[in-house]
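Input: a single structure, listed below in structure tokens.
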Amino acid sequence: MIKKHIITCTVIIALLVMAKVFAYNMPQAAKSNSKDEKSTTKKDTVTTKIRKPLSLMAQLNFAEESLPLGDTKVERKMKKTLAAHYFSNLQTNSLHRKAAEWFPIIEPILAAYGIPEDFKYVPLVESGLDGGTSPKGAAGFWQFMPGTARMYGLKVNSKVDERKNLRKSTVAAAKYIKELYGIFDSWTLVAAAYNVGDSHMKRQINRQHQDNYFKMKLNRETGGYVYKLISMKEIMEDPVRYGYRAPRALLAYNAEKAEARQSE
């Protein structure tokens, strides 16, 4: 009997000791778990730096050739040209209607000749604003001089003037632009040469020892030509920002192109 009581007492004492040990360890475990949770929370909470959106000047380019950032003279000139193309100053929505009509014809031809798509804005700058024939005799969508037009396969005579045929004149322009790129190896210089002529452009490059369009000193028209192209690109791609109401056809066309680029 005494042995049974001793065994029972021993079991009870052992259980009490175990209960105390368990009770003592519980808060420690809780604290440990709490620390682990905090450390996990700290580890899981990643502090991400919010990137500031690029400034408008940093986004602007022609044929992927960007403006030199930090050049106050260039930025001032670009802002002035953009301001001149606001609807409040230009007062015309016809440019967007012309773009909706012309671009589907122009773009595939430029692509076939390996010409950057941004050159589609040349006809809008050349003939979209004024149209007709220039005092020097340039005419049509791409404002070809008669001699240059004939050199690139267009018929220009008293009966026919293919400079006014969008498809044929675009093919001629693509050939000419491609040839200019073989000379200058820069799309901005090509655009400038398209405006002023390749011979004049070569002389200016040699005279100034400079082949960066944005840093060259050129006549007023040529010196502002690429800025006009970039401005035209801006008001075509983001018309609302510049006060225009683009026709649905152009908005749908731009949206379709943007979707196609994202899926590439």
Side-chain angles (χ1 to χ4, degrees), residues 62-63 77 81 84-85 89-92 94-110 112-113 115-184 186-205 213 216-233 235-236:
F62 179 75
K77 191 171 183 178
T81 310
H85 282 76
N89 291 325
L90 212 54
Q91 289 293 317
T92 178
S94 65
L95 289 170
H96 291 84
R97 288 194 296 274
K98 289 176 181 178
E101 181 185 348
W102 298 356
F103 286 176
I105 296 170
I106 293 172
E107 288 177 5
I109 296 171
L110 294 179
Y113 283 87
I115 310 298
E117 193 176 289
D118 284 359
F119 277 88
K120 69 185 179 183
Y121 300 108
V122 169
L124 287 176
V125 169
E126 289 285 347
S127 61
L129 294 172
D130 301 313
T133 304
S134 75
K136 293 181 180 180
F141 295 94
W142 293 84
Q143 288 290 287
F144 274 118
M145 293 293 287
T148 308
R150 293 187 187 103
M151 279 176 61
Y152 292 93
L154 297 178
K155 292 179 182 178
V156 181
N157 54 49
S158 58
K159 294 181 180 179
V160 181
D161 190 345
E162 290 183 337
R163 293 177 295 176
K164 296 175 183 178
N165 180 304
L166 180 58
R167 191 177 299 278
K168 289 182 178 181
S169 64
T170 300
V171 170
K175 291 177 181 177
Y176 181 39
I177 291 167
K178 189 171 185 177
E179 188 175 301
L180 288 174
Y181 187 75
I183 298 169
F184 298 104
S186 161
W187 294 115
T188 48
L189 289 178
V190 167
Y194 187 93
N195 175 256
V196 77
D198 58 305
S199 298
H200 181 85
M201 204 65 205
K202 284 178 194 173
R203 284 197 301 272
Q204 291 302 317
I205 290 170
Y213 168 82
M216 293 181 72
K217 293 180 181 179
L218 301 165
N219 67 64
R220 186 175 180 180
E221 184 183 345
T222 308
Y225 192 71
V226 174
Y227 293 87
K228 284 183 180 180
L229 291 172
I230 294 172
S231 297
M232 189 63 72
K233 177 181 175 181
I235 69 170
M236 288 300 125

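Computed from heavy atoms alone, side chains included, the values below leave out hydrogens, waters and symmetry copies.
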As a quick check of understanding, evaluate side-chain contact (heavy atoms from CB on, under 4.5 Å) for Lys136 and Gln143, giving each step before the final call. CA-CA 10 Å; Lys136 293 181 180 180; Gln143 288 290 287; over 6 Å; no
If we count only N and O atoms by modelled type, under 3.5 Å, do the side chains of Glu126 and Tyr225 hold a donor and an acceptor together? yes
Tell me the closest heavy-atom pair linking Asp118 and Ala63, and the distance in Å. OD2-N, 2.7 Å
Ignoring hydrogens, what is the shortest heavy-atom contact between Glu162 and Gly153? Give both atom names and the distance. OE1-O, 3.9 Å
All heavy atoms of Val156 vs all of Ala149, minimum pair found to be CG2-CB, 3.8 Å
Spatial distance of atom NZ (Lys178) from atom OH (Tyr152) [nearest 0.5 Å]: 12.5 Å
Which distance, rounded to the nearest 0.5 Å, do you find between the NE2 of His85 and the CG of Asn89? 10.0 Å
Derivation of the side-chain contact (heavy atoms from CB on, under 4.5 Å) call for Ile106 and Trp142: CA-CA 11 Å; Ile106 293 172; Trp142 293 84; 4.2 Å; yes
For Phe119 and Phe62, take the angle between the two ring planes, folded into 0 to 90°, and tell me which bin it lands in: parallel under 30, tilted 30 to 60, perpendicular over 60. perpendicular
Trace of the side-chain contact (heavy atoms from CB on, under 4.5 Å) decision for Leu166 with Glu101: CA-CA 10 Å; Leu166 180 58; Glu101 181 185 348; over 6 Å; no
Which heavy atom in Phe141 sits nearest to a heavy atom in Ser169, and how many Å separate them? CD1-OG, 4.0 Å
Residues at least two apart in sequence or cross-chain that pass side chain to side chain donor-acceptor pair (under 3.5 Å) with Tyr176, listed by chain then number, are none
Hey, does Leu180 have a side-chain heavy atom less than 4.5 Å from the side chain of Tyr194? yes
How far does CG of Leu154 sit from NZ of Lys168, to the nearest 0.5 angstrom? 8.5 Å
Less than 4.5 Å apart, side chain to side chain, heavy atoms only: is that true for Val171 and Lys175? yes
Which distance, rounded to the nearest 0.5 Å, do you find between the CG of Leu218 and the NE2 of His200? 6.5 Å
Nearest atoms (heavy-atom pairs only) where Leu110 meets Glu117: CD1-O, 4.1 Å
Side chain proximity check, Ile177 to Tyr113, heavy atoms < 4.5 angstrom: no
Distance (rounded to the nearest 0.5 Å) between Asn165 CG and Lys155 NZ: 11.5 Å
Examine Lys120 relative to Phe103 and say whether NZ or CZ is less than 6.0 Å from the centre of the six-membered ring and inside a 45° cone about the ring axis. yes
How long is the span from the CD1 atom in Ile109 to the CZ atom in Arg167, to the nearest 0.5 Å? 5.5 Å
Asp198 side chain reached by Phe184 side chain, heavy atoms, under 4.5 Å: yes
Of the options Thr188, Val122, Asn195, which is the one that meets Leu229 in a side-chain contact (heavy atoms from CB on, under 4.5 Å)? Val122
Counting only heavy atoms not in Lys164, do more than 12 fall under 6.0 Å of its NZ? no
Please find the pair of heavy atoms, one from Gly137 and one from Met145, that lie closest to each other, and give the distance. C-SD, 3.9 Å
Are the side chains of Ile105 and Trp102 in touch, meaning some heavy atoms are under 4.5 Å apart? no
With a 4.5 Å limit on heavy-atom distance, are the side chains of Tyr213 and Ser186 in contact? no
